Amino acid sequence: MAEQIKAVRGTRDITPDEVYKWHYVESAARKVFEKFGFREIRTPIFEHTELFVKGTGEITDIVQKEMYTFEDKGGRSLTLRPEGTPPVVRSYLENNLFVDIPVNKFYYIAPMFRYERPQAGRYRQHMQLGVESIGSPSPAADAELMSMYWHFITELNIKEVKLSMNNVGCGNADCRPNYVEHLKSYAKENIDSLCDTCKDRLERNPLRMLDCKVEGCSEIFKKGPKILDHLCQECNKHLKLVKSYMERLEIPYEMNPFLVRGLDYYTRTVFEVTATGLGAQDAIAGGGRYDNLVEQLGGKPTPALGFGCGLDRLIATMEAQNTRFPDPPGIDVYLVSVGEEGVSRILEISYLLRRKGISAEIGLEDRSLRSQMKTANKLGAKYVIIIGEEEIEKGVASLKNMQDGHQETVDMQMLGSTMEDKLRISHR
RNA sequence: GUGAGUGUAGCUCAACGGUAGAGCAUCAGAUUGUGGAUCUGGUGGUUGGGGGUUCGAGACCCCUCACUCACCCCA
């Protein structure tokens, strides 16, 4: 035997036994999102590398060490998309989608690629359900987005989720930059007690020191300056309104002043949803406002916000919580034949039934009746149609109800309509 | 990128350095044309791959690949 080629590290197959769960979650998402006025957008799976360097941010981990970047035969540097926001903004600008309506709302269900070491809930290719709302500065848009996600996971019956929220301010001199100076001088006062990563972050990306998990560091920053105390007036007002809307919508959330997301472009509202049963990688969704990104990517100054939700983790959560999925689709009829003439008959009948919208499966191997019945049972067929020499001679078919075991004889000509009647009743 | 653990049949796992096994699944039969329960039998493996130690390696050593978990970070 030739050597087996296996799936690439960090990737996996979703086999037919699993895929119905994905269909369920995806169609729930489409239903919910479309009710909230979001429309699907599909962008290419790869982009010019520059889009992510500029959009996601040069100093992010994603860009610095996690991108699948390659050169194509034309010498272009391309990158498999590691996240969905920059491509959607690019598409929004490229297609001039802003001309029709002031606020554009998009969603996508698409694979993302990051070169990371795989572990529980982390893959090199993972499916992300993403949403972007471009054009509105209103805090109501923030609340709308979070409430939509909340509704979505409620619909799926996901339990034990926590929505954490923060406001990381804006670029005005009296807002985040001012806070960062405070934070830096505070960190310098305590520099001897900080871990090496934090020392490094102090210059490169000071905000990220806040969510350091090293105990000593988190203790220090708990006592340090908080962004929420240093927001400019506008950001403060925004935060206040978002909170009041969330309360009015009765969406439970927690303020977490240490929540800082790994992407550069966030302004003001950021949030993260965590779930139980996942191990260390427990974030099932994360997002926030990015009011400067559209301009950064060459558009006019346009406020925007969005989030991403990892479907692999979402489904893993549901499995860990024993969430009920709808039953996997079974088949209506299994057709069994005896003898060569029987095979040609069941092929013909199955084609007829299938065209009537009935799901039918046929046994094509030359096996004993008993074996074929076993297969029918295993596939969960509601009915079995048996066509052998006796039936052919009489021009009939034997029809067996697999639930109650009752068997009857049906005129071959009447099979189509009989099956339609029976299945209409049992579907009710 | 760092650290730890694990790779034996489709799945879950055994086998003191000495003939590679069990349960489940699968296939067939018991039932010459009838599923689920029971019983009987069969198929199925270059022990992840490569090298080394040894009279002899699934086991010990080295390399490599993969998986798992954690760090980092993220969904």
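So you know, we letter chains A, B, ... as the sequences are listed, proteins then strands, and number each from 1. Quantities reported herein were computed from a predicted structural model and do not represent experimental measurements.
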Let me know the distance between [atom1] of [X] and [atom2] of [N], rounded to the nearest Å.
{"X": "Asp282(A)", "N": "A75(B)", "atom1": "CG", "atom2": "C1'", "answer": "11 Å"}
{"X": "Tyr266(A)", "N": "A75(B)", "atom1": "OH", "atom2": "C1'", "answer": "10 Å"}
{"X": "Leu259(A)", "N": "A75(B)", "atom1": "CG", "atom2": "P", "answer": "11 Å"}
{"X": "Asp61(A)", "N": "A75(B)", "atom1": "CG", "atom2": "P", "answer": "11 Å"}
{"X": "Leu278(A)", "N": "C74(B)", "atom1": "CG", "atom2": "P", "answer": "17 Å"}
{"X": "Ile5(A)", "N": "G48(B)", "atom1": "CD1", "atom2": "C1'", "answer": "15 Å"}
{"X": "Gln281(A)", "N": "C74(B)", "atom1": "CD", "atom2": "P", "answer": "10 Å"}
{"X": "Ile62(A)", "N": "G1(B)", "atom1": "CD1", "atom2": "C1'", "answer": "16 Å"}

Distance-only donor-acceptor pairs under 3.5 Å for side chains of residues 8-15 of chain A, two or more places apart:
{"from": "Thr11(A)", "atom 1": "OG1", "to": "Val8(A)", "atom 2": "N", "distance (Å)": "3.3"}
{"from": "Thr11(A)", "atom 1": "OG1", "to": "Val8(A)", "atom 2": "O", "distance (Å)": "2.6"}
{"from": "Arg12(A)", "atom 1": "NH2", "to": "Asp312(A)", "atom 2": "OD2", "distance (Å)": "2.7"}

Would you say the side-chain atoms of Thr85(A) and Glu132(A) include a donor-acceptor pair closer than 3.5 Å?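 Yes, a side-chain donor-acceptor pair sits under 3.5 Å.
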
Are Phe33(A) and Phe152(A) close enough, and set up right, to give a ring pair (Phe, Tyr, Trp, His ring centres under 6.0 Å), and what steps lead you there? CA-CA 8 Å; Phe33(A) 292 0; Phe152(A) 169 60; 5.6 Å; yes

Determine, for nucleotides 28-35 of chain B in 5'-to-3' order, which nucleotides have protein heavy atoms under 4.0 Å from the base (write B), from only the sugar-phosphate (write S), or from neither (write -). SBBB-BBB

Are the charged groups of [X] and [Y] less than 4.0 angstrom apart, N to O?
{"X": "Glu155(A)", "Y": "Lys35(A)", "answer": "no"}
{"X": "Glu34(A)", "Y": "Arg39(A)", "answer": "no"}
{"X": "Glu83(A)", "Y": "Arg114(A)", "answer": "no"}
{"X": "Glu341(A)", "Y": "Arg345(A)", "answer": "yes"}
{"X": "Glu361(A)", "Y": "Arg354(A)", "answer": "yes"}

Side chain of Tyr186(A), backbone of Ile220(A): donor and acceptor closer than 3.5 Å?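 Side chain of Tyr186(A) to backbone of Ile220(A), a donor-acceptor pair under 3.5 Å: yes, one is there.
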
5' priority, RNA chain B, between Arg261(A) and Arg9(A) [closest heavy atom]: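 It is Arg9(A), whose closest nucleotide lies nearer the 5' terminus.
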
Defining pairs by Watson-Crick or G-U wobble geometry with both distances under 3.5 Å, how would you list the stems of RNA chain B with at least three pairs each?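 The stems that RNA chain B takes part in, listed by first number, are B:1-7 with B:65-71, B:10-13 with B:21-24, B:26-30 with B:38-42, B:48-52 with B:60-64.
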
Could you list all the salt bridge (Lys or Arg N to Asp or Glu O under 4.0 Å) pairs where at least one residue sits in residues 390-406 of chain A, not counting sequence neighbours?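 Residue pairs with at least one partner in residues 390-406 of chain A: there are none.
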
Going by ring pair (Phe, Tyr, Trp, His ring centres under 6.0 Å), name the residues that satisfy it together with Phe325(A), two or more places apart in sequence or in a different chain.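 Ring pair (Phe, Tyr, Trp, His ring centres under 6.0 Å) list for Phe325(A), sorted by chain: Tyr24(A).
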
Hey, can you pull the residues of residues 113-132 of chain A with a non-hydrogen atom under 4.0 angstrom from RNA chain B?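 Arg114(A), Glu116(A), Arg117(A), Gln119(A), Ala120(A), Gly121(A), Arg122(A), Tyr123(A), His126(A), Gln128(A), in order of number.
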
